[in-house]
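Note: hydrogens, waters and symmetry copies are ignored here, and every other heavy atom, side chains too, is used. Chain letters run A, B, ... following the sequence lines, proteins first, then strands; residues in each count from 1.
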Amino acid sequence: MSRLGRDYYDRDTLEVAPELLGCTLVHDGPDGVASGRIVEVEVYQGEDDPACHAAAGQTDRTEPLYGQPGHAYIYLIYGMYYCLNAVTRAEGLPSAVLIRALEPLDGLDRMRSRRTARARRRTPVADRDLANGPGKLCDALGLTLEHNRLDLIGDTLWIEPGAPPAEVAWTPRVGIKVGTDRLWRCFDSQSPYVSRTRLNHEAVAEPRQL
DNA sequence: GTACAGATAAACT
DNA sequence: GTTTATCTGTACA
């Protein structure tokens, strides 16, 4: 089973992000393996990017962003959910790719039980809704702050290469109020597993054949 | 299908 | 004290 190595992440973030689409994110945790095909990501790069956590400079929280490429940057958002990033570029250059949505592949039962329990639902969460959002996918894979700073070139959390999507679309990033002029969200425009947002219909950049 | 309100905690001003 | 890279249930079309 091959996995993406350090050099893969040590590149321009706008190059890495679209290439992660189609790759497989795997978490081998205490309960077993859960994995999914990456179908949606966003770029956050530099202290000049007002939406990047590094815009406020280096702090205890943002330290991983400044660290070695190929590590996990996980943070708590809205007091309830976690978001997973893959750190890119060399040390000292705060930059990362936010993993926003997965098509579930392995460990569907584990994902379903974790998601159903946390969402306090009576009926099981549908497959399509298991990981179609950054908070949902962390819950589905069982990722928490414990996994922050984890080396992605390791045997707990890693990404495997995969077939690229036929079509990729770009839009502004979701859920932010600054930096919306940059089209730094990209997704597999033919996948039903992307986070559902009206932005999908208003893709500013035309889908591009690969 | 879209449009809200509310939950909830740490980082930041 | 305010903000936040979210999600869910409810209301309504």
Side-chain angles (χ1 to χ4, degrees), chain A residues 13-14 16-18 20-21 25 36 38-67 71-89 93-102 104 111-149 169-187 192-204:
Chain A
T13 314
L14 284 166
V16 176
L20 283 176
L21 299 175
L25 174 66
I38 298 171
V39 297
E40 178 181 342
V41 298
E42 282 176 358
V43 169
Y44 288 87
Q45 61 171 338
E47 295 178 344
D48 294 340
D49 173 7
C52 183
H53 287 174
Q58 185 167 349
T59 63
D60 285 349
R61 178 175 69 149
T62 61
E63 199 261 352
L65 277 175
Y66 289 79
H71 285 253
Y73 168 51
I74 300 179
Y75 62 90
L76 179 70
I77 186 67
Y78 294 109
M80 303 177 83
Y81 301 98
Y82 300 103
C83 289
L84 166 69
N85 294 255
V87 174
T88 54
R89 307 203 65 180
L93 299 174
S95 190
V97 177
L98 170 69
I99 315 292
R100 283 192 57 88
L102 302 177
M111 298 193 205
R112 204 145 37 221
S113 58
R114 275 193 285 253
R115 286 271 297 122
T116 303
R118 185 188 235 268
R120 291 182 206 146
R121 302 249 303 238
R122 289 178 214 135
T123 55
V125 172
D127 289 358
R128 171 177 298 206
D129 298 319
L130 286 178
N132 60 342
K136 296 178 189 179
L137 79 86
C138 282
D139 186 23
L141 296 192
L143 298 175
T144 69
L145 275 187
E146 287 175 35
H147 304 91
N148 190 23
R149 301 164 186 261
W170 295 79
T171 71
R173 293 168 289 182
V174 174
I176 56 173
K177 291 177 175 168
V178 290
T180 49
D181 53 319
R182 304 169 199 216
L183 306 183
W184 284 1
R185 165 178 180 254
C186 65
F187 59 100
Y193 296 93
V194 298
S195 66
R196 63 187 191 80
T197 153
R198 62 183 179 188
L199 279 175
N200 294 352
H201 310 298
E202 303 167 357
V204 179

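A:Arg185 and A:Asn200 share a side-chain donor-acceptor pair at under 3.5 Å.
Side-chain nitrogen and oxygen atoms of A:Lys136 include at least one within less than 4.0 Å of the OP1 or OP2 phosphate oxygen of C:dT8. Listed pair A:Arg118 / C:dT8 fails the phosphate criterion, with no side-chain N or O lying under 4.0 Å from OP1 or OP2.
Between A:Gly135 and A:Val178, the residue whose closest nucleotide on DNA chain C is further toward the 5' end is A:Val178.
One atom, CG of A:Leu145, and another, C1' of B:dA10, lie 10 Å apart when rounded to the nearest Å. The interatomic distance linking A:Glu40 (CD) with C:dT6 (P) rounds to 10 Å, in whole Å. Distance, A:Leu137 CG to C:dC7 C1': 13 Å, rounded to whole Å. Here C:dA5 presents its C1' atom at 13 Å from CD1 of A:Ile99, a figure rounded to the nearest Å. When rounded to the nearest whole Å, the span between CG of A:Asp139 and C1' of C:dT6 equals 12 Å. For the pair A:Tyr73 OH and C:dA5 P, the interatomic distance rounds to 9 Å; values are reported in whole Å. Look at CD1 on A:Ile74: it is 15 Å from P on C:dT6, rounded to the nearest Å.
The minimum heavy-atom distance between A:Gln58 and A:Tyr66, with the atom names listed, is N-OH, 3.3 Å. Among all heavy-atom pairs drawn from A:Thr62 and A:Thr59, the shortest one is OG1-N, 2.8 Å. In terms of heavy atoms, A:Thr144 sits closest to A:Ile74 at O-CD1, 3.6 Å.
With hydrogens and angles disregarded, no donor-acceptor distance shorter than 3.5 Å links the side chain of A:Ser95 to the backbone of A:Gly46. In this structure, the side chain of A:Arg115 engages the main chain of A:Leu130 through a donor-acceptor pair within 3.5 Å.
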Between the protein and nucleotides 11-13 of chain B, are there any N/O to N/O pairs under 3.5 Å, and if so, what are the atom names and distances?
from   : atom 1 : to      : atom 2 : distance (Å)
B:dA11 : O3'    : A:Arg61 : NE     : 3.4
B:dC12 : OP1    : A:Thr59 : OG1    : 3.1

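Counting any heavy atom pair closer than 4.0 Å across all strands shown, A:Arg115 reaches sugar-phosphate atoms only and no base atom. If you check every strand for non-hydrogen atoms under 4.0 Å, A:Ile176 touches sugar and phosphate atoms only.
The aromatic ring of A:Tyr75 is not stacked on the base of C:dA5, since the criterion of ring centres less than 5.5 Å apart with planes inclined by under 30° is not met.
Using Watson-Crick or G-U wobble geometry with both donor-acceptor distances under 3.5 Å, C:dT10 finds its partner in B:dA3. In this structure, B:dT8 forms no base pair with any nucleotide, since neither Watson-Crick nor G-U wobble geometry is met with both distances under 3.5 Å.
Applying the salt bridge (charged side-chain N to carboxylate O under 4.0 Å, His left out) definition to pairs two or more places apart or across chains, those involving residues 171-183 of chain A are A:Asp49-A:Arg173.
Checked options A:Val41, A:Thr88, A:Leu93, A:Val87; the residue passing with A:Thr13 is A:Thr88 (criterion: side-chain contact (heavy atoms from CB on, under 4.5 Å)).
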So if I define the base as every atom that isn't primed, P, OP1 or OP2, how would nucleotides 3-9 of chain B read as a B/S/- string at a heavy-atom cutoff under 4.0 Å? S---BBB
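A distance of 9.0 Å separates CG of A:Leu98 from NE2 of A:His53, quoted to the nearest 0.5 Å.
Between A:Tyr82 and A:Leu84, the closest side-chain pair of non-hydrogen atoms is not below 4.5 Å.
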